[in-house]
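For reference, the structure is listed below as structure tokens.
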Amino acid sequence: RKKLLPVHDSVEDDFELSTVCHRPEGLDKLQEQTKFTKKELQVLYRGFKNECPSGVVNEETFKTIYSKFFPQGDSGAYAHFLFEAFDTNKNGSVSFEDFVIGLSIILRGTINDRLNWAFNLYDLNKDGCITKEEMMDIMKSIYDMMGKYTYPCMQDEAPREHVESFFQKMDRNNDGVVTIDEFIESCQKDENIMQSMQLFDNVI
Amino acid sequence: MAAGVAAWLPFARAAAIGWMPVANCPMPIAPRDHRKRHDELIILNVSGRRFQTWRTTLDRYPDTLLGSSEKQFFYDEETKEYFFDRDPDSFRSILNFYRTGKLHYPRYECISAYDEELTFFGIIPEIIGDCCYEEYKDRKRENAERLQDDQDDNKDCKLPNMTYRETMWRAFENPHTSTMALVFYYVTGFFIAISVLTNVIETVPCGATPSQKDMPCGERYTIAFFCMDTACVLIFTVEYLMRLFAAPSRYQFMRSVMSIIDVVAIFPYYIGLVMTDNEDVSGAFVTLRVFRVFRIFKFSRHSQGLRILGYTLKSCASELGFLLFSLTMAIIIFATVMFYAEKGSSSTKFTSIPASFWYTIVTMTTLGYGDMVPKTIAGKIFGSICSLSGVLVIALPVPVIVSNFSRIYHQNQRADKRRAQKVQKARLARIRIAQTGSSCTGFLQSKRNDLLNELLELTGSEEEEQQLNKGMSLLESQHHHLLHCLEKTTAHEFVDEQLYEQNCLETTIQSYTSRSPSFSSQDGPIGTCCTRRGKMNSPLPNSSLPLQPSHQQGSLQELSALHIQCGDKLPHTTSRSSLNMKTDDVGLINCKGSQITTAIISIPTAPSDTTDGGAPSINTTASSNVIKVSAL
């Protein structure tokens with residue numbers, strides 16, 4: 001339910017941007033849609049509302065919040081990809097529902113769900129397969145978060161090599177792209193990845 | 001990490017799912033939330049007014065009273081609330097600080113009371129937000145000045161053992177401190193007045209006697225005036241010498257304005273004494289007498305107003321200078337014009353441009369003496385333009401100067417304030433940077449601590465381990481875990497700036513060295529990959545363990561171990577030679593080792609160096625900032 005506050009349209013252009021106030025669906029409905037308990041939803045919403053009083057997050061705020069956790073590097077690019085992944089209806093803002101549905105998949109979903117979500121994150125143009133260029137962008141954004149002061153010194157080819165090794169691992173038929181099936185299959189075969197996916201069980 | 005975004009930490013951790021599939025090694029274990037209790041409301045009873053908030057809100061700032069366990073001292077078992085016997089109004093802003101992360105200073109609040117409250121609750125005032133910081137600082141400064149003034153007033157009482165010289169100086173500077181000083185003050189004032197009066201009356205023509213023509217009193221009663229003058233000068237000289245004697249810093253005193261005025265006031269007399277009544281120098285002698293009028297400036301010691309006027313004139317000097325400059329321009333322009341306009345007319349007074357200056361000035365200031373008047377029509381036209389513009393040129397700057405006075409005066413005050421505040425703001429900015437950057441420096445610090453922990457675990461000293469663990473809140477440990485996962489994904493580590501510089505230097509050095517193909521024994525459980533915390537980049541802070549110097553070769557080999565041939569898909573291993581139980585970890589990085597191509601390892605020479613007896617040893621490299629831990 002979006003409620004637009006009155007806009008001074010005619011005279012002052014300064015007040016053109018109205019404040020959009022968004023209220024999420026009821027607590028019960030959200031509980032049905034996600035796998036969080038009521039208390040967890042309450043805690044999540046309070047944190048969400050504190051940082052975004054208007055009820056929606058736009059990309060700038062999203063980037064700002066995310067960058068606070070990575071003071072040394074530049075997390076803007078990765079935050080952008082995350083934003084795209086959370087903003088399922090592509091309207092340029094992430095509401096609380098989008099937010100909590102995404103979180104529910106990551107934190108409470110099955111391994112397959114999580115892998116699907118990760119694939120969705122990587123697949124920038126949402127065409128069902130990950131190309132080397134897309135992966136390169138993602139990889140670069142992750143490496144950017146490390147910043148400049150790393151040990152050992154960050155080489156420029158590091159992301160590229162990482163992408164190569166990723167494709168070697170994932171791309172079964174060597175056609176230069178990784179499809180969702182290849183991705184899930186390869187991940188299921190990799191012990192490390194499966195183990196890491198378990199990490200998210202206890203985040204909240 | 002800012003308070004508000006602490007609530008978003010779960011989101012940030014969830015977002016790390018994007019790193020998992022691309023990482024080549026498993027992630028470290030997440031810190032468990034042992035105290036998994038639901039968020040509860042806390043009641044804070046401040047002098048009867050009840051405030052309620054969530055526990056996690058207060059936990060955001062663990063180094064304040066409310067965020068730490070210190071509040072347990074105020075817990076009331078019967079009513080199950082925390083009772084504070086403090087001002088509830090001030091408490092409002094303090095609690096808002098926890099809620100919003102910004103501390104505000106309410107204007108109605110007294111500055112010292114507010115400071116006390118902040119100190120009680122363990123909040124440092126530098127955190128006050130930008131919106132209220134200036135106000136806070138202003139009030140604080142005013143308060144400090146007031147206290148200082150009070151102190152100064154009290155200081156005027158006589159200190160027990162002041163030398164005679166100091167007493168005299170105090171008497172001169174503050175006449176109201178003793179009766180003698182007061183008497184001296186009035187006497188000198190009286191004589192200054194007398195002196196000025198005699199100078200004036202000297203030139204008045206006294207009544208003409210039938211015998212002589214009208215002459216000024218000075219020439220009539222020469223002796224009397226001379227005696228007056230001598231007496232005044234004597235008094236002034238004695239005063240000056242006494243001040244010079246009493247001054248704490250004689251050189252400083254001699255350079256001060258007042259003493260220069262004193263000297264200028266009495267010098268002509270002495271020069272006049274020395275010089276004979278010679279015709280040649282009598283002109284100069286007369287000029288010198290003019291300087292006697294400077295005695296009137298001696299009054300500024302007696303009048304506060306004069307001093308303030310002098311100061312404001314001095315501070316407005318640039319504005320006055322500019323006014324003078326623009327006036328001069330206008331005068332020259334009009335004088336030139338008038339001269340050329342009047343050139344044609346006969347018997348004109350405008351004989352030259354400098355001669356026209358006088359006309360221009362008189363006309364522009366709307367004086368209009370009428371001693372010089374233009375006769376030609378052109379001259380009259382330009383003359384009227386001159387007088388009209390004069391009104392503008394003169395009348396406009398005057399209010400500007402007046403407002404300049406007040407503006408400059410206030411500006412100076414504000415500039416001083418700002419200069420003092422800038423120092424504080426720089427300090428504050430440093431504090432803020434330290435706070436925001438602390439998450440990463442805290443992370444690096446915790447890595448060190450964890451390493452020490454491992455070490456101590458092996459040696460089994462429990463207490464020190466607990467000591468290190470105490471400092472970390474759950475939030476911090478979760479955040480550090482997140483950063484650690486990122487390190488694992490990219491197979492690089494966070495370091496701080498100076499170590500980064502050093503490492504870069506080292507890598508360039510050793511890029512041309514050894515290619516020792518010593519391979520580690522790859523038995524033992526393949527645990528973590530990448531650089532485990534075996535590689536530390538800073539010396540352990542409180543290490544009481546013996547340090548062992550390693551060989552130069554060894555150090556180079558260690559570093560060279562980090563680079564692996566590209567394309568070599570060697571699985572990431574740690575070497576766990578079970579013989580020595582050395583946890584020598586080596587980093588296998590996916591970076592292009594265009595320089596070196598060795599696979600790892602450990603300090604080949606180490607076994608011979610390390611002590612036996614179960615004591616853990618730490619090998620430091622030559623650069624002494626990369627430390628490997630090996631435990632025997």
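Quick caveat: nothing in here was measured; it's all calculated off a predicted structure. Below, read A as the first sequence line, B as the second, and so on, with proteins coming before strands; counting in each chain starts at 1. The analysis underlying the following values was restricted to heavy atoms, covering all of them including side chains, and did not include hydrogens, waters or symmetry mates.
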Under 6.0 Å between ring centres: does that hold for A:Phe48 and B:Trp8?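 Centroid distance A:Phe48-B:Trp8: below 6.0 Å, so yes.
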Taking the ring centre of each residue, are B:Phe11 and A:Phe86 less than 6.0 Å apart?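 Yes - the distance between ring centres of B:Phe11 and A:Phe86 falls below the 6.0 Å cut-off.
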Heavy-atom closest contact ([X] atom, [Y] atom, distance):
{"X": "B:His492", "Y": "A:Ala158", "answer": "CE1-CB, 4.3 Å"}
{"X": "B:Pro21", "Y": "A:Ile193", "answer": "O-CD1, 3.5 Å"}
{"X": "A:Phe69", "Y": "B:His479", "answer": "O-NE2, 2.7 Å"}

With chain B as the partner chain, list the residues of residues 100-108 of chain A whose heavy atoms fall under 4.5 Å from it, by residue number, and write 'none' if nothing qualifies.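 Heavy-atom contacts from residues 100-108 of chain A to chain B are A:Leu103, A:Ile106, A:Leu107.
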Just verifying a value: how many Å separate A:Gln198 CD and B:Ile29 CD1, rounded to the nearest 0.5 Å?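 It is 12.5 Å, given to the nearest 0.5 Å.
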Could you tell me the separation between the OG1 atom of B:Thr57 and the CZ atom of A:Arg46, rounded to the nearest 0.5 Å?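 That separation rounds to 8.0 Å.
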All side chain to side chain donor-acceptor pair (under 3.5 Å) counterparts of A:Tyr78, not counting sequence neighbours: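 For A:Tyr78, the residues satisfying side chain to side chain donor-acceptor pair (under 3.5 Å) (neighbours in sequence not counted) are B:Trp19.
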What part of A:Phe62 gets closer than 4.5 Å to chain B, counting heavy atoms only: side chain, backbone, both or neither?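 For A:Phe62, side-chain heavy atoms alone lie under 4.5 Å from chain B.
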Given that the side chain runs from C-beta out, which part of A:Met194 has a heavy atom under 4.5 Å from chain B: side chain, backbone, both or neither?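 Neither the backbone nor the side chain of A:Met194 comes within 4.5 Å of chain B.
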Could you tell me which residues satisfy side chain to side chain contact (heavy atoms under 4.5 Å, CB included) with A:Asp175, sequence neighbours excluded, listed by chain and number?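 A:Asp175: side chain to side chain contact (heavy atoms under 4.5 Å, CB included) contacts with A:Asp171, A:Asn173, A:Val177, A:Glu182.
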Those residues that, when tested against A:Asp127, pass side chain to side chain contact (heavy atoms under 4.5 Å, CB included) (two or more places apart):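 For A:Asp127 the side chain to side chain contact (heavy atoms under 4.5 Å, CB included) partners, ignoring immediate neighbours, are A:Asp123, A:Asn125, A:Cys129, A:Glu134.
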Min side-chain heavy-atom separation [X]-[Y] under 4.5 Å:
{"X": "A:Ile142", "Y": "B:Leu486", "answer": "yes"}
{"X": "B:Met20", "Y": "A:Asn192", "answer": "no"}
{"X": "B:Asn24", "Y": "A:Phe166", "answer": "no"}

Closer than 3.5 angstrom, by distance alone: can the side chain of [X] be matched with the main-chain N or O of [Y] as a donor-acceptor pair?
{"X": "A:Tyr143", "Y": "B:Thr490", "result": "yes"}
{"X": "A:Tyr122", "Y": "B:Gly18", "result": "yes"}
{"X": "B:Glu487", "Y": "A:Met146", "result": "no"}

Please classify the contact between B:Ala23 and chain A as side chain, backbone, both or neither, with a heavy-atom cut-off of under 4.5 Å.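 For B:Ala23, backbone heavy atoms alone lie under 4.5 Å from chain A.
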